[in-house]
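As a basis for the values below, the full set of heavy atoms in this structure was taken, side chains included, without hydrogen atoms, waters or symmetry mates. Naming: A, B, ... by sequence-line order, numbering from 1 per chain.
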2 protein chains.
Amino acid sequence: MSDDPTVQAWRRLLAQHAAATCALDRELGDLHGLSVSEFEVLERLVEAPEKLRIQELASEIHLSQSATTRVVARLEKDGLLCRTMCDMDRRGVYACISDDGRARYAEARPTQRRVLGEQLDGAPAAV
Amino acid sequence: MSDDPTVQAWRRLLAQHAAATCALDRELGDLHGLSVSEFEVLERLVEAPEKLRIQELASEIHLSQSATTRVVARLEKDGLLCRTMCDMDRRGVYACISDDGRARYAEARPTQRRVLGEQLDGAPAAV
DNA sequence: ACCAAGCTTATGCATCTGCATATACTTCTC
DNA sequence: GAGAAGTATATGCAGATGCATAAGCTTGGT
């Protein structure tokens, strides 16, 4: 039923996610040439003390391992991060933000914060 | 920063959405042959007093108009709903649930409710 | 009544995603 | 230390989605 509290929470979740993701995709894309996933990757790399492995990134941004590989490949092609082999475990790959990546992130962050504020603040709380 | 409450809310939103959507997609797909979007469409049609137009569905399920057209086309091909022209406005198309659609929804609903309970109940509240 | 403008759905196209699998490396067992 | 099993990333492929646009219908101004 629609009055099941769990279902209500689920619909709020879907509505908030759709609104925020849609607005972010438009604004980050138009203003900074970044998708939501790409922004999230840059943010994690900026916050990380060092560099992150593909797998750590994948679980941070809630993307499959293969999708994460591809986001990282796109960002590397754009020069926003670099991939390096992991010496300890040569199967592993590190992603490390570049100066251009840092700059792009610094430029995009206020936009993301503004859009999040518009979309999430004042929205009804979930669960 | 990670301690910005709005950013925290955003990350909770992403995490909950990813977990719930992923679990639902797997269980609804494996057990009932439905995607999350397809289930949501059926649910709206079951709840609707009559039938719904494509556009109304689109805004209900937070999908673009074109994606909604395609979900409805898939469900019609599977015999779970039928499309009929709208007499008042012959541009419009109504989607109306079929008996098979009602049955599939009735079968899938407990699964969806169970998964939502597992994924959302007890999760930290947002915003 | 006609024509322009607007609205509703359908479709071409590019992109992103996940699953399954391939490849390369590591670890465990013997 | 060789082989089996397990792990990390990359890639082929199919499917879902959004944007731009097409096609058909309606409405309003004249």
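- Between F39(A) and Y105(A), the angle of the ring planes lies from 30° to 60°, which puts this pair in the tilted group.
- Nucleotide dA10(C) holds its C1' atom 16 Å from the NZ atom of K77(B), rounded to whole Å.
- Look at CG on L63(B): it is 11 Å from P on dC19(D), rounded to the nearest Å.
- The line from OG1 of T6(B) to CG of L13(B) is 12.0 Å long, rounded to the nearest 0.5 Å.
- Regarding contacts with the backbone of dT17(D), a side-chain N or O of S37(B) is found under 4.0 angstrom from either OP1 or OP2.
- The side chain of R70(A) contributes no N or O atom lying less than 4.0 Å from OP1 or OP2 of dG18(C).
- Within 4.0 Å of R74(B), counting heavy atoms only, lie sugar-phosphate atoms of the nucleic acid but no base atom.
- Under a 4.0 Å N-O distance rule, the pair E47(A)/R11(B) qualifies as a salt bridge.
- If you check distances only, the side chain of R91(A) does reach the base of dT7(D) with a donor-acceptor pair under 3.5 Å.
- Between the CG atom of D89(B) and the P atom of dT26(D) there is a distance of 6 Å, given to the nearest Å.
- Here the P atom of nucleotide dT15(C) and the CG atom of D25(A) are 14 Å apart, to the nearest Å.
- As a whole-Å value, the separation of E76(A) CD from dA10(D) C1' is 13 Å.
- Rounded to whole angstrom, the span from the CE atom of M85(A) across to the C1' atom of dT23(C) amounts to 12 Å.
- Between the side chain of R90(A) and the base of dC25(C), no donor-acceptor pair under 3.5 Å is found.
- Remark: P of dG18(C) and NE2 of H62(A) are 12 Å apart, rounded to the nearest angstrom.
- Each of T68(A) and M88(A) has a nearest nucleotide on DNA chain C; the 5'-most of these lies closest to T68(A).
- As a whole-Å value, the separation of E40(B) CD from dT17(D) P is 12 Å.
- Here L63(B) contributes atom CG and R70(B) contributes atom CZ; the two are 11.0 Å apart, rounded to the nearest 0.5 Å.
- The side chain of R83(A) contributes an N or O atom lying less than 4.0 Å from OP1 or OP2 of dA10(D).
- At the phosphate of dA10(C), OP1 or OP2 sits under 4.0 Å from a side-chain N or O atom of T69(B).
- Residue S66(A) has no polar side-chain atom (N or O) positioned under 4.0 Å from OP1 or OP2 of dC19(C).
- With salt bridges taken as basic N to acidic carboxylate O contacts below 4.0 Å, one links E43(B) and R113(B).
- Closest-nucleotide positions on DNA chain D for E38(B) and Q65(A) were compared, and the one nearer the 5' end corresponds to Q65(A).
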